[in-house]
Amino acid sequence: MTVETLLVLDLLAGVVATAGWLGAGATAAAHRSLVALPLAALALAATLARCALTIPLAGAGWWFVQEKLSLTLPLALIGALTGAVLAVPRLLAATRRRTAASADASGGSGAPGGPGDAAEAPGLTDSRAPARVVVPLFGAGYAAAAGPVVSLLIGYPMTPGAALITVALTAAAILATWRMVAGRLPLARVTVATAVAVGLAGTGLAFVPADAIDTGGGPASAHSSGATMPEMSPSAISGAPSHAMPGMPSGTVTSASSHTAPDQPVTAFRGPSTPEPGGTIRRYALTARTATVRLASGRQVEAWTFNGTVPGPPITATQGDLVEVKLHNADIASGVTLHWHGYDVPAGEDGVPGLTQEAVMPGQEFTYRFRALQAGTYWYHTHEVSDLGVRMGLYGTLVVSPRPASGGTPAETTGTGTGETSGTRARNAVDLTLPAHTFAGTTALGDQDRPFTRQVAPGSPVRLRLVNTDNTPRGFALSGAAFRVASIDGRDLNRPGELNRTRLRLPAGGRYDLVFPMPPGQAVLLVDDRPALTLTPGGPAPAAPAEKTAAWPEFDPLSYGGPAPTPFGADDRFDRRFTMVLDRGLAFSNGSPMYAHTVNGRAFPSIPTQLVRKGDLVHMTVVNRGRDTHPWHLHGHTVLVLSRDGREPSGSPLWMDTFDVQPGQVWEVAFRADNPGIWMNHCHNLSHADMGMALHLDYDGVTTPFHGAHGG
Ligand code: C2O
Ligand code: CU
């Protein structure tokens, strides 16, 4: 069973237990002990199921069970025990009495007793149900409810404050019920109840580990002064694994921020103005403006565009070139920037408003310059109100061709609407850059919002550069041709094997390059199981009969290709370790309370900044406790995947800039901090980022002259 399934079952069991106890209480109050008994039994069974589910969950990591083990499970168990011991025998007695009474058709009933007079009237035959039966049942219900409520609203980590509030609310609900049922509250009993509640809270607090409470200091208000040192467990220092349970905090060593280098503003880290020797300058001018765009089908969409097109103009270069892009904002009222997704540009060129520059407002300009040092498939997009901006069309592709080994002058690369790149490859090579994007519910590949056809001579080498520019994963499939995944996120894979009838799941923001020789017949690229592009050896051809690709096995990049040495690995000694537990919960995001997408229980800008020093080897653990997929994206660095759910990649080394952390998954990645700056580290479901799931990773000594508060 996957962790995701376990988490869902745990929630369900909590809801069933809650409903069972509350239902038992209500039916008991209505003198329906025959109904109350099975409901109580169901609730008991659900409570036991929760205990059972917690065992494998704990095996998957402390993050998945912290609030359960330290509070909600003990609470539910005490409630269940109290309910069972106090109410069930009385319910049984009442049932027997009722059966006897109905057998003895006289219908005689027990003497009416006062509330709490259960000894005399253990059944529920008096006009007011005895508090001793009804209150424990309701109490068990409230205690059970704490489980799903805390998991859904608070998530990880549960703090002592949250634990206290939970216990207090449960106690208050019990007292209120008691008052309603009994009509009065004997002082002694209230005292006992209060003592029990306080004891419970104390037990809960004792279980909450200190560093789960404080995940790294106060809110990082000002990016630099509020920056906190990362958690550094003793194991991180000694290099010896010491975690009894994955994620179980093992003490925190917090070192004071004492940087040696003098402070430097992030704006000091700008790209050079010359290409590498032998390279050329690639000049682009992008004007951001609103436009009504006609897609290939003739459909018109209101879009935010670069140069009036969606996607924006493809930017291409050859390794070693200088890319120079002058951005001008004509009329995008909220402002615009250019962020080079997956491209490790100098920090000052990263295009994060409020952090590396101010947003470019209407009438303003900003020029980006960086050397195209990494070959591969990337994309660019606005980073100002990026959720809306990217959705509306402020994005385009960035493709860098490898420098020819011969050292000859690289051929000019050109782009078309669908990003056709002809470069230094074989004369008949076909190289298509295909950003998939959703416009008002319709998928477009480039500007092609309906299936389209390309003629390709059989045997020609084909490269399809798939880009997912949406917020959610997209499924791609190639029917009619065997292919290889040559690269992921712009980085070539080692010894990629041939694939056939395999579905590819691209994370939001992710890129896969597929290569294959054109087969003698048609090859069809499907997006989310719908034909999008037909490559045909002849002239315009009737669409090939669509294959059912939805059921094809899914490609797993962690077991594809061949192993190769990497500059660092899981066994290295890491200078920093960060853990990000992704969840949902009530939190303040940009000043307003919301049901936010949280990291370690907090939302932007209150998530503590991760602080690194240049040269650090950094380890990141990303845990998804929630029910949404989170495509994790760190700016300025490409991370090496160390493991997913404890399993190391068995194939090619996997370098990614955006990796999908699916519900219940735990990813470990690593990178070398070799690109000084202040970087966003966020979920690339940009609406999640907008709702809090974003933080900063700062290099020690780098500051920003801007306001520093930017969510996504
Ligand atoms: Cu493509 Cu900060 O993102
Ligand atoms: Cu997300």
Side-chain angles (χ1 to χ4, degrees), residues 4 155 311-312 315 336-345 347 349-357 359 368 377-391 393-398 435-437 467-473 489-490 506-511 580-585 587 589 594-600 602-605 607 622-639 656-665 667 675 677-697 710-712:
E4 181 184 15
I315 293 180
V336 63
T337 64
L338 290 176
H339 167 63
W340 311 97
H341 183 110
Y343 219 68
D344 300 341
V345 299
E349 312 287 347
D350 198 44
V352 179
L355 204 57
T356 68
Q357 66 173 103
Y368 299 86
T377 308
Y378 305 88
W379 63 300
Y380 64 86
H381 60 79
T382 184
H383 221 286
E384 176 64 32
V385 288
S386 57
D387 181 30
L388 182 62
V390 176
R391 219 174 326 129
L394 289 175
Y395 71 95
T397 57
L398 165 68
H437 195 81
V467 186
N468 180 2
T469 65
D470 279 333
N471 274 344
T472 48
D489 285 359
L506 263 72
R511 288 91 57 213
M580 290 176 279
V581 180
L582 315 181
D583 206 344
R584 289 203 79 163
S589 183
M594 61 165 80
Y595 192 42
H597 287 277
T598 57
V599 179
N600 300 337
R602 291 182 180 166
F604 188 87
I607 304 166
V622 192
V623 181
N624 188 348
R625 251 187 63 119
R627 283 155 303 283
D628 304 288
T629 290
H630 299 298
W632 202 259
H633 174 57
L634 169 65
H635 285 207
H637 305 78
T638 307
V639 302
M656 302 178 93
D657 50 64
T658 320
F659 50 97
D660 256 351
V661 186
Q662 295 181 41
Q665 284 187 344
W667 286 66
N675 196 5
I678 301 181
W679 303 99
M680 293 298 301
N681 192 12
H682 67 94
C683 176
H684 217 280
N685 182 321
L686 297 174
S687 74
H688 294 179
D690 202 41
M691 291 166 70
M693 202 170 259
L695 63 147
H696 294 168
L697 180 131
H710 177 80

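Ligands are counted one by one from 1 in listed order, and the atoms in each one are counted from 1 as well.
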Contact check: H597 to the Cu ion (ligand 2), N/O/S below 2.8 Å: no

Residue of the set H383, H339, H341, H688 for which ring-ring contact (aromatic ring centres under 6.0 Å, His included) holds with H682: H383

Worked verdict on N681 versus M580 for side-chain contact (heavy atoms from CB on, under 4.5 Å): CA-CA 10 Å; N681 192 12; M580 290 176 279; 3.7 Å; yes

Degrees at atom 2 (Cu) of ligand 1 between the NE2 atom of H383 and the NE2 atom of H635, nearest 10°: 100°

Whether H341 has an N, O or S atom under 2.8 Å from atom 1 (Cu) of ligand 1: yes

Angle at atom 1 (Cu) of ligand 1 (to 10°), with one arm to NE2 of H381 and the other to NE2 of H684: 110°

Within-4.5 Å side-chain heavy-atom neighbours: W667 and V639: no

Verdict with reasoning, H381 to H437, per ring pair (Phe, Tyr, Trp, His ring centres under 6.0 Å): CA-CA 12 Å; H381 60 79; H437 195 81; over 10 Å; no

Angular separation of ND1 (H688) and SG (C683) seen from the Cu ion (ligand 2), to 10°: 130°

Qualifying residue for side chain to side chain donor-acceptor pair (under 3.5 Å) with R511, from D657, T397, T377: D657

Atom nearest to the Cu ion (ligand 2) - H630, N, O or S atoms considered: ND1

